[in-house]
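None of the values given here were measured: they were computed from a predicted structure. Side chains are part of it too, since the values below use all heavy atoms of this structure and drop only hydrogens, waters and symmetry mates. Lettering follows sequence order; numbering is per chain, from 1.
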There are 2 protein chains.
Amino acid sequence: MQGTRDYNPKQMAIREKVFNIITRCFKRHGAETIDTPVFELKETLTGKYGEDSKLIYDLKDQGGELLSLRYDLTVPFARYLAMNKITNIKRYHIAKVYRRDNPAMTRGRYREFYQCDFDIAGQYDAMIPDAECLKIVHEILSELELGDFHIKVNDRRILDGMFAVCGVPDDKFRTICSTVDKLDKMPWEDVKKEMVNEKGLSEEAADQIGEYVSLQGGMDLAERLLLDPRMSQSKQACAGLSDIKLLFSYMQLFQVTDRVVFDLSLARGLDYYTGVIYEAVLTQAGVAPASSDAQNGTEESVSVGSVAGGGRYDGLVGMFDPKGRKVPCVGVSIGIERIFSIMEQKAEASAEKVRTTEVQVLVASAQKNLLEERLRLVTELWNAGIKAEVMYKKNPKLLSQLQLCEEKGIPLVAILGEQELKDAVVKLRVVATREEVDISRSDLIGEIKRRTSEA
Amino acid sequence: MQGTRDYNPKQMAIREKVFNIITRCFKRHGAETIDTPVFELKETLTGKYGEDSKLIYDLKDQGGELLSLRYDLTVPFARYLAMNKITNIKRYHIAKVYRRDNPAMTRGRYREFYQCDFDIAGQYDAMIPDAECLKIVHEILSELELGDFHIKVNDRRILDGMFAVCGVPDDKFRTICSTVDKLDKMPWEDVKKEMVNEKGLSEEAADQIGEYVSLQGGMDLAERLLLDPRMSQSKQACAGLSDIKLLFSYMQLFQVTDRVVFDLSLARGLDYYTGVIYEAVLTQAGVAPASSDAQNGTEESVSVGSVAGGGRYDGLVGMFDPKGRKVPCVGVSIGIERIFSIMEQKAEASAEKVRTTEVQVLVASAQKNLLEERLRLVTELWNAGIKAEVMYKKNPKLLSQLQLCEEKGIPLVAILGEQELKDAVVKLRVVATREEVDISRSDLIGEIKRRTSEA
């Protein structure tokens with residue numbers, strides 16, 4: 001099928017490793033997990049994704065409710081909070097989402113792909129949860145060893161304030177915002193052309209925007225802009241800038257500022273962000289350029305090498321509450337398919353073989369007619385919690401049993417023969433070194449555990 | 001949405017525990033894992049599920065390929081093997097499947113539900129992989145502590161041979177088979193009526209079937225039936241009976257015969273079985289009757305309390321191979337939703353609180369203006385791999401911080417105050433006992449690890 005893929009055992013082994021690192025981080029930060037159905041009522045998704053709504057997969061009307069496959073995990077999360085009247089929770093959710101996008105599979109994009117989302121919902125003191133989300137991105141990308149990265153941050157209120165003071169008419173904020181979002185793929189000259197020629201902005205306004213969106217820095221930049229004669233006229237921009245300052249002070253305590261850049265050109269795709277927004281980008285050479293499946297990103301708007309993104313969305317839960325009660329939320333999504341691709345490339349390039357099972361020992365026989373003895377022994381091992389296999393043959397050759405171990409990376413072979421049975425021992429062979437030792441049956445389990453404890 | 005549910009954090013904690021037990025067992029037996037997309041080409045599913053095909057969810061035709069949500073994991077597995085020309089693999093797959101069934105949710109049935117499948121594909125010596133599947137069911141049900149259970153086994157060839165020698169016309173085999181399948185829900189008299197009145201079988205033939213399907217036993221029963229004057233006339237039945245004998249001999253070595261019954265009334269729903277079939281049933285009183293979502297079962301045909309099922313299907317992979325090359329397969333599916341329900345009931349009934357996070361310590365403060373110090377300390381703990389939280393407030397009260405620990409079951413609180421900061425210590429409080437000790441900052445991480453190592 002177009003835009004989908006099976007995962008083979010090798011890919012699954014890599015996927016599991018990545019998920020383990022991510023899940024461990026989410027748990028380290030005290031997150032619970034929830035799950036929601038793969039489809040939602042069509043009306044739940046309607047009006048949440050702007051232009052991208054055309055990418056939603058609908059189920060056929062076979063009688064009953066009209067259903068659609070989920071497009072992201074954020075909208076189902078907001079629906080879940082409103083439906084269950086939950087006003088604070090820290091949760092993660094790792095699951096597949098679906099987009100009828102024109103897939104460019106070589107670039108690591110799929111119609112079915114995983115998202116790994118972490119969100120903090122609740123009314124808390126400003127910027128503490130927001131800073132923790134950035135800490136999490138920092139921890140995960142560091143632990144995955146994907147090479148250098150940086151995290152851009154900005155705030156929707158700064159963008160809106162900037163548009164206002166630069167003379168963008170109110171009704172053009174969103175469309176100018178999505179043009180700004182193209183700055184990571186297009187030079188400023190082209191972005192300006194789009195603003196002026198396509199979106200009808202005055203050249204002056206565009207030039208003023210151009211000055212601001214070229215700015216990058218840290219807390220100092222936020223301080224400077226708070227004193228900027230134009231910018232400081234916008235209450236909204238000032239609120240955003242003060243929060244960026246606060247965010248940086250918390251990020252310093254969290255020891256993540258080495259990777260974070262306050263970047264006024266960061267806009268991000270989706271409409272529902274209301275405050276801080278961020279995006280993590282891999283910067284190391286050698287990483288093939290690719291679009292990402294990072295949360296909430298209009299695919300087209302996500303920069304080359306982007307592997308995580310998110311922000312604050314304080315209005316979304318209220319859209320699902322009959323009384324419009326708001327629950328402030330901030331979250332981040334790890335663009336995992338992109339990370340899988342990189343890890344797969346690394347695995348291909350490395351000499352090390354990826355093991356797809358964790359089998360510790362193969363129970364083998366050196367002579368014929370020992371199937372019963374092999375089954376008896378493997379049962380003993382399974383019952384003791386040892387990961388073990390036997391060949392499903394009555395009389396396999398010893399050589400083919402040893403070859404199986406080589407193929408599968410099984411480190412030990414427990415070999416039975418007439419003599420061993422008589423002596424109540426097992427010949428334990430270390431596949432890598434071909435070393436063989438006789439171990440008494442009663443010591444076997446302990447010996448296998450000891451020899452495979454690092455594995 | 002009808003027939004679906006969200007999983008809240010408590011349910012997820014239980015689900016994770018169950019998945020861990022099952023995954024560990026599959027891995028102990030050396031299985032790799034694969035994943036396939038949630039939808040398949042509609043044509044892949046067509047003609048595989050007989051009457052149940054009406055329960056398949058189709059995606060809306062929005063241009064492009066015609067797609068359906070997967071109905072089980074067995075057909076995608078067979079498609080995967082044929083597509084990748086894989087002739088032997090031992091794999092597990094844990095994923096959701098979809099059925100447009102009329103849901104009776106109180107009975108634990110859903111339109112979206114998990115299946116946990118383990119299958120062995122490959123040309124091997126008879127009954128060794130089949131016996132391992134039963135060993136796996138035995139291990140999983142024992143470890144889940146769901147109470148007493150037994151596993152019924154039979155063989156499609158014995159059923160077909162029995163039908164033949166009892167005078168059932170060839171073209172009525174499948175329909176009579178599905179009537180036999182109702183014996184776990186209906187008394188023999190009603191089953192017989194259906195055979196005679198609805199399916200047009202002769203009364204004599206029905207009575208002969210009635211004698212056989214009342215038989216239950218072990219290896220001895222297979223031996224007796226091999227000598228049965230009628231049954232022994234069927235070559236097919238004899239092949240099945242010999243294999244049941246062999247299966248029992250291997251099961252003895254695997255130490256699982258205590259739970260296994262050779263039961264001639266076991267028929268199972270789906271068409272694609274070609275040999276051994278089996279089904280595990282919970283027998284303990286107190287288990288609420290419910291239909292299961294066990295693999296391949298026509299929902300209606302699965303017996304009360306059934307939690308696992310499977311069998312041998314040697315023809316399915318060949319249906320997807322352009323040259324019809326066959327790959328013999330045998331597998332089992334754990335009916336996990338049913339098991340979740342039981343575990344949830346048990347958790348409700350028990351006094352013990354289900355923890356939904358694994359947080360080891362809350363970083364708290366006893367006085368005001370210590371947010372920075374708390375963030376600094378929690379960063380230290382996160383960086384050392386400790387699962388830790390802080391309250392997202394500038395100046396939380398100590399009492400509310402302690403209450404949070406009670407609510408969430410966090411075992412330790414690391415309390416900072418002016419004095420502690422001066423002395424370079426942290427007051428470590430054990431929530432359960434209210435014991436408090438001053439620990440030097442340099443010993444804190446070790447002390448937290450030591451005190452929460454059992455958790």
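Contact annotation for A:Leu66: neither backbone nor side-chain heavy atoms come within less than 4.5 Å of a heavy atom of chain B. Contact annotation for A:Arg15: only side-chain heavy atoms (C-beta onward) come within less than 4.5 Å of a heavy atom of chain B. Both the backbone and the side chain of A:Val38 come within contact range of chain B, each with at least one heavy atom under 4.5 Å from a heavy atom of that chain. With a 4.5 Å cut-off on non-hydrogen atoms, B:Ile56 touches chain A through its backbone but not through its side chain. Proximity to chain B (any heavy atom under 4.5 Å) is shown, for A:Ile86, by neither the backbone nor the side chain. The part of B:Lys135 that comes within reach of chain A is its side chain, from C-beta onward, which places non-hydrogen atoms under 4.5 angstrom from that chain. With a threshold of 4.5 angstrom between heavy atoms, A:Arg374 does not approach chain B through any atom at all. B:Glu16 touches chain A through its side chain: at least one heavy atom from C-beta onward sits under 4.5 Å away, while N, CA, C and O do not. Neither the backbone nor the side chain of A:Ile410 comes within less than 4.5 Å of any heavy atom of chain B. For A:Lys96, the part lying near chain B is the side chain, with the backbone staying farther off; criterion is any non-hydrogen pair under 4.5 Å. Only the side chain of A:Glu139 comes within less than 4.5 Å of a heavy atom in chain B; its backbone stays farther off. Heavy atoms closer than 4.5 Å to chain B are found nowhere in A:Ala131, neither backbone nor side chain. A:Leu381 does not touch chain B: none of its heavy atoms, backbone or side chain, sits under 4.5 Å away. Contacts of A:Met83 with chain B are made by side-chain atoms alone, with heavy-atom separations under 4.5 Å and no backbone atom involved. A:Asp61 does not touch chain B: none of its heavy atoms, backbone or side chain, sits under 4.5 Å away. The contact between B:Ala31 and chain A is made entirely by backbone atoms, counting heavy-atom distances below 4.5 Å. A:Glu65 touches chain B through its side chain: at least one heavy atom from C-beta onward sits under 4.5 Å away, while N, CA, C and O do not.
Looking at B:Tyr250 and A:Glu372, their side chains never bring a donor and an acceptor atom within 3.5 Å of each other. When only modelled atom types and interatomic distance are considered, A:His29 and A:Glu132 share a side-chain donor-acceptor pair under 3.5 Å. Neither side chain, A:Asn88 nor A:Gln123, offers a donor N or O lying under 3.5 Å from an acceptor on the other. Side-chain N/O atoms of A:Thr36 and B:Asp6 include no donor and acceptor closer than 3.5 Å. A donor-acceptor contact under 3.5 angstrom links the side chains of B:Asp258 and B:His138, judged on distance only.
Checked against a 6.0 Å centroid threshold, the rings of A:Phe26 and A:Phe118 count as neighbours. If you look at B:Phe340 and B:Phe113, their ring centroids are not closer than 6.0 Å. Taking the six-membered ring for Trp and the full ring otherwise, the centers of A:Tyr80 and A:Phe320 sit at least 6.0 Å from each other.
Figure legend: cation-pi geometry between B:Arg5 and B:Tyr7, with NZ or CZ positioned under 6.0 Å from the six-membered ring centre and within 45° of its axis. Relative to the six-membered ring of A:Phe39, A:Arg70 misses at least one condition, a distance below 6.0 Å or an angle of at most 45° to the axis.
No side-chain heavy atom of B:Pro9 sits under 4.5 Å from any side-chain heavy atom of A:Arg91.
Per-residue counts of heavy-atom pairs under 4.5 Å with chain B were compared for A:Tyr57, A:Tyr124, A:Phe254, A:Trp382; the largest is that of A:Trp382. Contact count against chain B (heavy-atom pairs under 4.5 Å) is highest for A:Thr356 among A:Thr356, A:Ile89, A:Val256. Annotation: maximal heavy-atom pairing with chain B below 4.5 Å, among A:Thr44, A:Leu371, A:Asp58, A:Ile120, occurs at A:Asp58. Across B:Gln11, B:Gln252, B:Arg79, the residue that shares the most heavy-atom pairs under 4.5 angstrom with chain A is B:Arg79. Chain A forms more heavy-atom pairs under 4.5 Å with one residue of B:Ala126, B:Ser249, B:Gly122, B:Pro129 than with any other, namely B:Pro129. Between chain B and the residues A:Thr379, A:Ile128, A:Asp35, A:Leu253, the most heavy-atom pairs under 4.5 angstrom are made by A:Asp35. In terms of non-hydrogen atom pairs under 4.5 Å with chain B, the most contact-rich of A:Leu59, A:Val359, A:Thr357 is A:Leu59. Of the listed residues B:Val378, B:Asn8, B:Leu375, the one with more heavy-atom pairs under 4.5 angstrom with chain A than any other is B:Leu375.
Nearest heavy-atom pair across A:Leu377 and A:Val363 is CD2-CG1, 3.9 Å.
Classification of B:Lys90 and B:Glu32 as a salt-bridged pair fails, no side-chain N sitting under 4.0 Å from a carboxylate O.
Atom NZ of A:Lys54 is surrounded by more than 12 heavy atoms from other residues, nucleotides or ligands within 6.0 Å. Atom NZ of B:Lys408 has more than 12 heavy atoms from other residues, nucleotides or ligands within 6.0 Å.
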